[in-house]
There are 2 protein chains.
Amino acid sequence: MTMKPYEHPPALYPYEEWNLSEDAYEDEHNQRSESVFALGNGYIGMRGNFEEGYHGTLGTSVAGNYLNGFHDWEPVRYPEGAYGYPDRNYAMLNVADARIIELDIAGQTFHLGHGTIHRYRRWLDMQGGMLHREVDWESPAGHRVRLRIRRMVPLRHKHLAVIDYEVTALNFGGALTLRSGIDGEIVKTAGGADPRLGSGSGEPSLLPEDAGFTPQTGTLWLKQRTRRTGFALLTAARHELRASSGQPAGWERNGQRLTASFSVMLEQGETAALTKYIAYHTSQDEAEESLPSRSSAVLEQAACSGFARLAAEQRVYLDLFWGRADVEIFGDPALQQGLRFNAFQLLQSTGKDGRTNIAAKGLTGEGYEGHYFWDTEMYMLPFFIYNKPEIARALLEFRYVTLGKARERAAVMSQQGALYPWRTIGGEENSAYFPAGTAQAHINADIAYALKQYVQATGDTGFLAAKGAEVLFETTRFWADLGYYNPARGGAFCIDAVTGPDEYTAIVNNNAYTNLMVQNQLYYAVETAELLQQEYPGDYERLQREIALGAEEISAWREAAERMYIPFDEKLGIYAQDDTFLSKKKWDFAGTPADKYPLLLHYHPLVIYRHQVLKQADLVMALFLLGEQFSIEDKKRNYAYYEPLTTHDSSLSPCIHSIVSAEIGDLRGAYAYFGHTVRMDLDDINRNAKDGLHMAAMAGSWMSIVNGFAGMRQSGGKLRFAPALPEEWAGYRFKVTFRGRLLEVEINRSSAVYTLLEGEELELHHRDRLLRLELAEPVTVAQP
Amino acid sequence: MTMKPYEHPPALYPYEEWNLSEDAYEDEHNQRSESVFALGNGYIGMRGNFEEGYHGTLGTSVAGNYLNGFHDWEPVRYPEGAYGYPDRNYAMLNVADARIIELDIAGQTFHLGHGTIHRYRRWLDMQGGMLHREVDWESPAGHRVRLRIRRMVPLRHKHLAVIDYEVTALNFGGALTLRSGIDGEIVKTAGGADPRLGSGSGEPSLLPEDAGFTPQTGTLWLKQRTRRTGFALLTAARHELRASSGQPAGWERNGQRLTASFSVMLEQGETAALTKYIAYHTSQDEAEESLPSRSSAVLEQAACSGFARLAAEQRVYLDLFWGRADVEIFGDPALQQGLRFNAFQLLQSTGKDGRTNIAAKGLTGEGYEGHYFWDTEMYMLPFFIYNKPEIARALLEFRYVTLGKARERAAVMSQQGALYPWRTIGGEENSAYFPAGTAQAHINADIAYALKQYVQATGDTGFLAAKGAEVLFETTRFWADLGYYNPARGGAFCIDAVTGPDEYTAIVNNNAYTNLMVQNQLYYAVETAELLQQEYPGDYERLQREIALGAEEISAWREAAERMYIPFDEKLGIYAQDDTFLSKKKWDFAGTPADKYPLLLHYHPLVIYRHQVLKQADLVMALFLLGEQFSIEDKKRNYAYYEPLTTHDSSLSPCIHSIVSAEIGDLRGAYAYFGHTVRMDLDDINRNAKDGLHMAAMAGSWMSIVNGFAGMRQSGGKLRFAPALPEEWAGYRFKVTFRGRLLEVEINRSSAVYTLLEGEELELHHRDRLLRLELAEPVTVAQP
């Protein structure tokens, strides 16, 4: 299935370099817009729901407020279970909705399906990190107001969100009421038949505990508890009314719905404003008894700062972020917008505390139930390694923190060492379909690969010694125990009954991707053991003591790596995806109508499994990740075989094909695949942006530029570039953070320009040419 | 895992040739006894619960009343679903319990945990087809009675069950009350973690509709309805009181519990009796409005007959049955009892109406939810083919009746033709774990094999032409479409992504059993097409018209058969279970403690899948079924490889190993495997007889004698025997029905004696020697 050449589809949102905006509101696109206008700070995530609520068709809105990693579980009931199946389903909770602000004028309540909208504009400002809305509304009774609503989830304040709600009386003077609420009665959406969504139970997520209103500070608060994990959640909203004539008008509680009312008298032309400071605190993070004081302190501090100062802080934070992470494309505002949107959403979605991570849909929706996958290590991590390495470290730390649970899982699977879960929130395996879940043991090797990449790009061997090595050794142990020297393969080291990245093939022997990645991991484990012995003997001794690491074991790893079986088909001259892949029937693409994609929604797994057909890059991914092991001719031959068999029914796939296409000189192909990745959600290519954004694809679009078009690779502690420029662009520019340096790379029609913006001198390769960069001295290389 | 030599374990029930009995009642064995004392007539099944109910520990009793094929469904919710998964779980219902009879004497209610039991005996009489109980009970107040309770589910009366309840006052004269009930409030047992049990929902199975009591006939009746299928069920119980002084004392209704009371005055030494005629009728079988009249008629006729005449009829029916089906073993009453028990339970469990079949647990319990599996064709059918061919035909007719649903299933699986469900009640696929469910497409070939065997043993080509051929052709079509000529296998016809009989390996390419059986089916389909063209041209034309059967298609089948790929390992000189089986690690049997069996309850499927380990006979089964295709040396070599790898964690396995062991001359092995099959439930070897009896293993024990020790095979329309006699026995004798003849075979120390008891002269082979039998003229051949 060769990707069609990319052309921009009709724009769903205008192409703007730093904004995402809409000038009209339509019910039918509401749920998608809720996702793309989502705000977050890596802990709190808020979908783009309106303050006044949704008044459109039932089932076309999800009022979503999420706290990264804040979860509960339900028992899993299998129609036909088996030993070792996870018996709990952990899911990120949709928490109390504190965004609610309703406006009443003379008995008429503002919403977009009511009265007359004279003007409407909503926009996400990615430089300011703020969601704006301006509405000019006339009530059925003829009262006309201008609303200016700004919303922010400050990136520097983990527990805080803020809404500033301004209302101006345009054609009248008189009374109005602002009702600000917290709605704690949240029922999880049922997933239906699509396995990519979660499985909702229909029961309210949270049980009520207590609620109140503190008049001194105008603060509503609601305390709730999760059903099974027993976590307490305190949601609080402090109000600040700015009006020449206005006052609190009491509060009320209706079940778990709290409302504080404010009465305002406006002259014609006058403006009143309500600022709402929202704080979420849970006992998952801190002692339950301290939640009230922690919450008050956050709200107090925020109110002291005020909205304007918080907005300024946010801008500063983002200036710094964009200063390092921005990727510019000259000559295509649509792609430019896509890249920025992706980077912005990645930043908004990532946990930074070492205990939380990046869910498949970030904090933008409930698809995949807030679970963390290999997506983090293989897709999102490179973006952070090369832009915000401290976040990359925190993400890797998550694996260290959950190592105990990975050890337990390995034991359940009758294996030594540790096996990381295919999908998880708190470290437990959460996959209910093991052939495309637990069988994807490659996640162990993916984590090892990411660790290696992080350490090589940052030089942070201290982290490796203190934490990473234990993860590395325990997962290596798993492989050493799982694999075996197979007489039927001439005594080569084989790994049976696993599933590779491609989920359209399951439970196979010797998945080439897995075996290659495991080989890489085994060597890296040996190297790391040597490094520790030499440079961190204390840590080495600790591991000898605590996990019984021994010299014999380490040399067994080396031997397994050396004798690793890599399936190769001599006749075709390509690597076999696994032992039997190449002997299967090829999928009948010609006979498959377009509406039968994604195949997983239209064909039984067995039908898919018995064909040569890929959901996503598998061996092709290894061609990229372990590129040094393959010649360009190898890459071309293998890519030529697998590319036509790949459906890209996984959103994780096109970016990898884009990178490898670029490397083998197929710039048109690379451009097409890139186009299908970079604006996946803004163009709603998969028609499911409504369930949340595709974080891995977003990160993949960064890789498509940096690793793809610019050909960046790390090798022997040095960066190497092999830049190419798609003919559609005038040029592109990005920066990478590498071993304490900040490097800018600009590619234009005639040349590649490398500039060291921070840090000590740096050597890098432009193709085979070694460049030596000094601070602030651009080096220009002519481009072919 | 070589089977240990068989020795009788301590007897749970005394060894008696025609009875199964117990002389004491113990709570702890109650649930098992409920299964083994079950009665049935192929439609109604009643577990061996006491009339007075169970008063022991909660959860150690299942009051089971079943109607073959009477089912409802519940929606299936998958934690992670996919296209084509069955969305309904069909299950046989536990219906209203009409066996209830309680006895009150001076305010004391009889049950076995109360007062003093002076004598207790319960026995199942397999010649009379009756369950007896005699109890001498003294109430706490000192009233002593003798109870004689007989229960019968008449084999000749589909809708009828009868209880005769006699009470004799031993040491007093006075009043007593008999309370006879129907309890319609049945909640399905929850299955827990064991996947072999069903998944109970906890909701009552049946909704109440109406109830009443007809004083003229003393008849209680209860009308209920299934929740989702909407079937009506009418349960009725007519009473006949025989007492010198006694009378009905009214009835009452409490929800779905109905009770009719009878007051009796007894002199000391006097006996009163209550006969209870029970009828079940459902709208699944007949028009709802006719249920009351049908029920009344059945009860009227039964009451006219009276208990004694019904008992006599039952005896006649069974005399005829045993006259054809009895297998005698000289010198081992335990095995003798086991074989008779098995034959008796098979007879009791089998549907005979062409619309119902034999559930995995018969009508004795709720394990596997009353589903029909390949067990019928591969295990139970031979027993009926050679003993009651009209039942065999009815069982095959079930597949014809459900062909439409098999066509639908094939379409869901993107295949032409028909694919029969792995587990079903009404024809729908009911397996919720496809790797060991829908993937076991071999059921198609199993059905074809069974059909061929039936037609060859009976000569019933009329059935083949009228019904069987359509099943055969449509399932053959499935294979022709599923398989393909694989360039990677030299253009051989390959079948990918199926699971063979062995469920410890799943979703493999070229399972040898499957490919061999499909090859056999393809040839048989071609033969059948030729037969129809020549002998049933009308049927052939009908099929040309109705299913577009064509000459090209038929020759394509022949070609596929000729070019079928059968995986063979040249180095080992054995057939490979599948393309990758032989390259996997062997299971560490030495390191697996006894309490880790069955493996499926202690190891994750992936752990099992990645080893050479079998749950049950796979290739070994083909060695038996398609024995002509293999030399004895082949069989020895293959058996020697697979036997040590087989756990027999499936109860379907030992009998097949017994047969093949016998054939290759390992009589000790054959005897050991036979011993573990024949008394599987009477000795409760798998410790789950409480959930229902192992029908396939029961039928397998018959095969172990007839096909195993006596070496019976069908070949070229003739029977062939190669008898052997285990040294533990003095001899054995059985009869087979074959092409209208009744043949008796007796093997003793010195000879084999063949006697034609019915029908025209018969040629058969004793090993390679051709014998010609005339009616009633035994032919004796000296045995080595």
Side-chain angles (χ1 to χ4, degrees), chain A residues 76-87 89 191-195 199 412-415 431-439 441 482 484 486-489 494-498 506-510 569 571 579-580 582-585 599-611, chain B residues 76-87 89 191 193-195 199 412-415 431-439 441 482-484 486-489 494-498 506-510 569 571 579-580 582-585 599-611:
Chain A
V76 188
R77 195 171 143 226
Y78 297 89
E80 211 171 322
Y83 177 86
Y85 283 18
D87 55 4
N89 185 51
D194 188 337
S199 50
V412 167
M413 298 303 294
S414 310
Q415 300 293 344
S431 174
Y433 178 64
F434 76 84
T438 297
L482 180 67
Y484 65 108
N486 189 347
R489 298 287 184 200
C494 288
I495 297 172
D496 287 351
V498 297
I507 314 182
V508 295
N509 298 343
N510 296 307
D569 187 285
K571 216 159 60 191
D579 277 358
T580 58
L582 295 177
S583 71
K584 294 192 286 186
K585 228 191 285 199
L599 301 184
L600 66 95
L601 296 185
H602 301 93
Y603 298 90
H604 191 282
L606 272 178
V607 179
I608 295 173
Y609 293 169
R610 64 172 64 106
H611 289 91
Chain B
V76 188
R77 193 171 144 226
Y78 297 90
E80 211 171 322
Y83 177 86
Y85 283 18
D87 54 4
N89 184 51
D194 188 338
S199 48
V412 167
M413 298 302 295
S414 310
Q415 299 294 343
S431 175
Y433 178 64
F434 76 84
T438 297
L482 180 67
Y484 66 108
N486 188 346
R489 298 288 182 198
C494 287
I495 298 172
D496 288 351
V498 297
I507 315 182
V508 295
N509 298 344
N510 297 307
D569 187 283
K571 215 158 62 190
D579 277 358
T580 58
L582 295 176
S583 72
K584 294 193 285 186
K585 231 193 281 200
L599 301 183
L600 65 96
L601 296 185
H602 301 93
Y603 297 90
H604 191 282
L606 272 178
V607 178
I608 295 173
Y609 292 169
R610 64 172 63 105
H611 288 91

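Below, read A as the first sequence line, B as the second, and so on, with proteins coming before strands; counting in each chain starts at 1. Because only heavy atoms are used, hydrogens play no part in the values below, and waters and symmetry mates are left out as well, while side chains stay in. Keep in mind the model is a prediction, meaning the values are calculated, not measured.
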Practice task
Could you walk me through whether A/Met413 and B/Leu606 pass the side chain to side chain contact (heavy atoms under 4.5 Å, CB included) test, one step at a time?
Solution key: CA-CA 8 Å; A/Met413 298 303 294; B/Leu606 272 178; 3.9 Å; yes
Handout entry: Best-contacting candidate, A/Gln415, A/Arg489, A/His602, against chain B by heavy atom pairs under 4.5 angstrom
Key =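 The answer is A/His602.
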Practice task
Using a cut-off of under 4.5 Å on heavy-atom pairs, state which of A/Asn486, A/Asp569, A/Asp87 scores highest against chain B.
Solution key: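 Looking at each of A/Asn486, A/Asp569, A/Asp87 in turn, A/Asn486 comes out on top.
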Exercise for the section: Name the region of B/Ile507, side chain, backbone, both or neither, that has any atom closer than 4.5 Å to a heavy atom of chain A. Expected result: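 For B/Ile507, the contact with chain A is made by the side chain alone.
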Handout entry: Residue, of B/Pro86, B/Ala432, B/Ala506, B/Gly84, that accumulates the most heavy atom pairs under 4.5 Å with chain A
Key =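 Looking at each option in turn, the highest pair count goes to B/Ala432.
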Problem - For chain A, the option from B/Ser414, B/Ser583, B/Ala488 that forms the most heavy-atom pairs under 4.5 Å - result: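 Highest number of pairs under 4.5 Å: B/Ser583.
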Problem - Minimum-distance pair of heavy atoms, taken over all atoms of A/Pro605 and B/Tyr83 - result: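 The answer is CD-O, 3.6 Å.
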Handout entry: Steps toward side chain to side chain contact (heavy atoms under 4.5 Å, CB included) verdict (B/Asn509, A/Lys584)
Key = CA-CA 8 Å; B/Asn509 298 344; A/Lys584 294 192 286 186; 3.9 Å; yes
Problem - Heavy-atom proximity to chain B below 4.5 Å, by part of A/Leu482 - result: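 Backbone plus side chain of A/Leu482, per the 4.5 Å heavy-atom cut-off to chain B.
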Exercise for the section: Could you walk me through whether B/Ile495 and A/Arg610 pass side chain to side chain contact (heavy atoms under 4.5 Å, CB included), step by step? Expected result: CA-CA 9 Å; B/Ile495 298 172; A/Arg610 64 172 64 106; over 6 Å; no
Practice task
Measure up the B/His604 and A/Phe434 rings against each other and bin them: parallel (under 30°), tilted (30 to 60°), perpendicular (over 60°).
Solution key: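 The rings of B/His604 and A/Phe434 stand perpendicular, inter-plane angle above 60°.
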